[in-house]
Amino acid sequence: MTTVNENTEAQDEKSQMSRPSDSKSLITITSASQLLKNELTTEKLMAERQKSDTVPSCIWSDEYNDEILETIDNDVPKKETPIERPSWANKIEYLLAQVGFSVGLSTIWRFPYLCFHNGGGSFLIIYILMLFLVGVPLLFLEMAAGQRMRQGSIGVWKVISPWIGGVGYTSFMMCCIVSLYYSVLMAWSLFYLVQSFQYPLPWALCPLLRNSSDFDPECERTTSTTYFWYRHVLKATDEIEMGGLPVTHLSISLFATWLIICISMIKGPKFTGKMLYVSIILPYFIIFCLLIRSLMLEGAYFGLKNLLAAKVPALYSVEVWRRTGNQIFLSMGPGFGSFTAISSYIPQSNNCVMDAFVVAFLNLTASLTATLFVFAIMGHLATENHEKCYLRNAKTVQYLIASRMLPPEAQLPDSLYHDPSSIYSQWFKSLPEQIKDVILPYLSNCNLTDQLKEVIEGPGVAIVAFTDIISVFSGSTFWSIIIFMMLANLGLSTMIGIMHGIIIPLQDAFSSLRKNIILLTVGICVSLFLGSLIFMRPSGSYYVNLLDDYWASLPLFLTVILENIAIAWIYGARRFLADLIIMLGRPISPIYRWLWCFLSPFVLLVLFLSALIHLSLKSITYLAWNSSISNEVIRTYPSWAKVLLIILITITILPIPAYFLYTLIDVNFSVSVIRSRTTVIFKPEAKGNPLRPHPQLQLRQSQNS
């Protein structure tokens with residue numbers, strides 16, 4: 001290094017001539033010194049950051065949990081400045097919101113149906129195992145992320161890893177699309193609820209022809225409940241290609257649905273929490289009452305016995321495991337961002353570990369209670385059909401005796417009508433073999449197990465099945481009001497959770513929207529109502545089936561996979577656990593790290609690939625009404641429907657790669673070259689908020705000898 005101003009006063013002229021050159025050298029040397037100083041400071045900060053980010057392996061032990069708790073005051077600021085936001089009035093309302101979103105209409109009917117067709121007790125074993133090993137950890141992950149970051153889905157994943165910040169936008173879009181057709185399910189329930197306030201129920205009997213005393217022949221060829229659903233409620237077309245304007249009475253019901261949702265959301269979480277006391281607790285109370293009433297019916301024990309009978313081969317079936325996984329994620333709803341949004345309204349010290357278990361347990365309780373209720377009813381209906389089958393056979397025998405095709409000795413006893421099951425069996429066993437050979441071709445096979453299968457496979461639509469169930473109880477009008485009030489409240493609580501997944505991320509992404517909450521809520525509800533009208537057309541139910549059966553799985557699994565990877569491998573499961581230990585002020589079991597890092601990604605990847613293969617290789621079908629034969633038929637969706645499905649899936653997941661490219665472009669690289677030491681430093685400078693994390697690329701300083 002050289003010094004400046006070492007010349008004597010006798011060299012003033014030379015000094016003045018050389019002053020510009022010396023000043024330039026001084027600036028260069030000062031800049032280099034400052035840059036080296038900055039680099040040393042940067043390396044020191046990076047070393048401290050690496051030290052703080054690298055949590056030692058002993059975090060898997062309880063001793064490390066205690067050590068973290070002891071050093072909270074030294075390691076983190078005592079107070080963070082969170083974004084000012086509303087909050088739930090109390091912990092109960094918060095839990096009701098989480099439970100309300102996770103327990104939906106699919107819990108009541110789809111779960112019992114899957115249980116029957118996938119091994120009964122074996123399905124329950126697989127479901128409970130996957131729920132607590134995969135479902136609960138992922139539920140805990142989303143709750144903890146929202147609670148820690150105090151933001152909705154869009155903001156949370158940008159903070160955790162900007163490379164996958166598009167996951168929040170995908171969750172937002174999924175909530176928007178799901179709200180379009182899920183509000184339709186609620187509108188159907190609301191319409192049936194209104195129709196229940198009359199006696200007799202409008203679906204109890206077939207309608208009469210105009211100016212005639214005869215029943216509608218189309219209704220007589222099927223059941224009155226099925227006819228009412230397709231021809232009166234939906235005014236359904238025979239194929240999806242047939243269009244038409246929205247059905248008037250369903251459009252009015254849809255408007256009332258969105259009006260209720262809008263009013264529920266305008267007042268914020270404190271008002272919503274008060275509504276949830278009714279919309280959550282009431283359905284649980286109703287379904288418990290229905291269970292008690294159904295257990296009193298004849299044949300209920302037979303239905304429950306078939307439910308609990310575990311089929312061992314189902315435990316080894318990949319297809320059963322796939323369907324079980326689909327039900328867990330589509331029923332509970334991780335990946336939609338609603339759990340994250342709802343959790344952002346709770347204090348950071350809240351015990352979200354216990355909350356995840358509570359929500360999962362209540363979801364399981366609702367599923368099992370509904371399953372017991374449905375199987376008890378199905379057992380009763382199967383027993384009734386079983387006795388009716390014996391009585392039909394008795395009429396056939398009487399006809400054969402009257403036609404002299406059977407001898408009078410084959411006459412059935414008169415006591416048959418008092419106890420058809422036992423009397424018929426005793427009578428048939430007492431017949432000679434020759435008469436049995438003659439009579440068997442004319443008799444129906446009255447097998448109780450087959451009758452149960454026929455009953456539970458009966459109507460293809462859950463809402464029709466519930467109208468059939470109502471006919472079992474005396475006082476059908478009362479029970480109809482109760483059941484459809486339960487379904488409407490379940491739909492409302494789920495829609496509130498979905499709307500939280502839409503409104504909260506928007507408010508977090510655009511802070512100006514917080515000043516106009518009423519205008520924002522009304523604007524969203526009006527837009528979604530107009531979008532939902534497409535499902536009110538005569539062919540609208542077929543579009544609902546297209547989205548519910550085939551669209552939801554792929555974006556959902558991809559979203560949850562990326563969320564899992566972001567926490568476990570990008571942000572770091574160890575670091576996340578350490579943050580939660582500090583945040584909650586209590587130790588957390590290290591088992592979550594292993595579940596997040598290994599088990600959950602593996603299961604999610606298998607489910608994603610199986611859903612992709614199923615969509616790619618198998619034809620997509622829907623249940624349609626055939627007016628010529630008055631029955632439900634399975635039709636294949638046209639090719640344009642599959643193209644529409646692919647477009648919707650692509651649009652939904654497009655924000656993920658788009659935001660990845662945006663993040664890549666958003667990072668500006670400034671290159672500083674120090675020629676004297678030939679040191680090149682690449683250092684990103686983020687646009688906008690300097691606190692926002694960005695990927696960092698740095699070439700360490702190299703010292704030349």
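Because only heavy atoms are used, hydrogens play no part in the values below, and waters and symmetry mates are left out as well, while side chains stay in.
A donor-acceptor pair under 3.5 Å is absent between the side-chain atoms of Thr494 and the main chain of Gly491, judged by distance alone. Using a distance-only test at 3.5 Å, with no hydrogens or angles considered, a donor-acceptor pair links the side chain of Tyr622 to the main chain of Ile240. With hydrogens and angles ignored, the 3.5 Å screen pairs no side-chain donor or acceptor of Thr107 with any backbone N or O of Ser367. At least one donor-acceptor pair closer than 3.5 Å links the side chain of Ser630 to the backbone N or O of Glu218. The main-chain N or O of Ile328 is never found under 3.5 Å from a side-chain atom of Ser331 such that the two would form a donor-acceptor pair. Side-chain N or O atoms of Ser493 include one that pairs as donor or acceptor with a backbone N or O of Asn489 at under 3.5 Å. A donor-acceptor pair under 3.5 Å is formed between the side chain of Ser189 and the backbone N or O of Leu185. Between the side chain of Arg635 and the backbone N or O of Leu623 there is no donor-acceptor pair closer than 3.5 Å. Although no hydrogens or angles enter the test, the distance criterion places no donor-acceptor pair under 3.5 Å between the side chain of Tyr227 and the main chain of His232.
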List, one per line, each side-chain donor-acceptor pair under 3.5 Å for residues 280-291, sequence neighbours excluded.
| residue | atom | partner | partner atom | Å |
| --- | --- | --- | --- | --- |
| Tyr284 | OH | Leu362 | O | 2.8 |

Listed pairs under 3.5 Å, donor-acceptor, residues 302-311 side chains, sequence neighbours left out:
| residue | atom | partner | partner atom | Å |
| --- | --- | --- | --- | --- |
| Asn306 | ND2 | Phe302 | O | 2.9 |

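Tyr127 is not listed as a side-chain neighbour of Leu114, based on a closest heavy-atom distance of 4.5 Å or more. Residues Trp625 and Thr222 form a side-chain contact, since some pair of their non-hydrogen atoms from C-beta on lies under 4.5 Å apart. Residues Gln195 and His249 are not in side-chain contact: their nearest non-hydrogen atoms beyond the backbone lie 4.5 Å or more apart. Proximity of Ile252 to Phe191: side-chain heavy atoms (C-beta onward) are nowhere separated by under 4.5 Å. When side chains are defined from C-beta on, Gln327 does not count as touching Thr324, because their heavy atoms never get closer than 4.5 Å. Using a 4.5 Å cut-off on side-chain heavy atoms (C-beta onward), His500 and Thr272 make contact. Counting heavy atoms from C-beta on, the side chains of Phe123 and Phe116 never come closer than 4.5 Å.
Taking both residues in full, the closest heavy atoms of Leu105 and Tyr182 are given as N-OH, 3.1 Å, listed atom of the first, atom of the second, then distance. The minimum heavy-atom distance between Leu315 and Trp321, with the atom names listed, is O-NE1, 2.8 Å. Heavy-atom minimum distance, Ala552 versus Tyr181: CB-OH, 4.3 Å. Nearest approach of Ser476 to Ile470, heavy atoms of both residues: O-CG2, 3.4 Å.
Listed by first then second residue, pairs satisfying salt bridge (Lys or Arg N to Asp or Glu O under 4.0 Å) with a partner in residues 321-337 read Glu319-Arg322, Glu319-Arg323, not counting sequence neighbours. Residue pairs satisfying the salt bridge (Lys or Arg N to Asp or Glu O under 4.0 Å) criterion with at least one member in residues 105-126, sequence neighbours excluded, are listed as follows: Arg110-Asp548.
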Side chain to side chain contact (heavy atoms under 4.5 Å, CB included) assessment of Val134 paired with Leu595: CA-CA 7 Å; Val134 181; Leu595 296 176; over 6 Å; no
Using the rule given for side chain to side chain contact (heavy atoms under 4.5 Å, CB included), can you reason through Phe535 versus Leu180, listing the C-alpha separation, both sets of side-chain angles and the distance that settles it, and then say yes or no? CA-CA 8 Å; Phe535 302 108; Leu180 293 177; 3.9 Å; yes
Could you give me the CA-CA distance, side-chain angles and deciding distance for Thr652 and Trp551, then say whether side chain to side chain contact (heavy atoms under 4.5 Å, CB included) is met? CA-CA 10 Å; Thr652 307; Trp551 165 80; 3.4 Å; yes
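Atom CG of Leu190 is separated from atom CE of Met485 by 10.5 Å, given to the nearest 0.5 angstrom. In this structure, CG in Leu615 is found 11.5 Å from CG in Asp549, a value given to the nearest 0.5 Å.
For Cys206, the disulfide bond (SG atoms under 2.5 Å apart) partners two or more places apart in sequence, or in a different chain, are Cys219. Partners of Gln98 according to the side chain to side chain donor-acceptor pair (under 3.5 Å) rule, which considers only residues two or more places apart in sequence or in another chain, are Tyr94, Ser343.
Test Trp229, Tyr230, Phe466, Tyr192 against Trp203 for ring pair (Phe, Tyr, Trp, His ring centres under 6.0 Å) and you get one pass: Tyr192.
No more than 12 heavy-atom neighbours from other residues, nucleotides or ligands sit within 6.0 angstrom of CD1 on Ile634.
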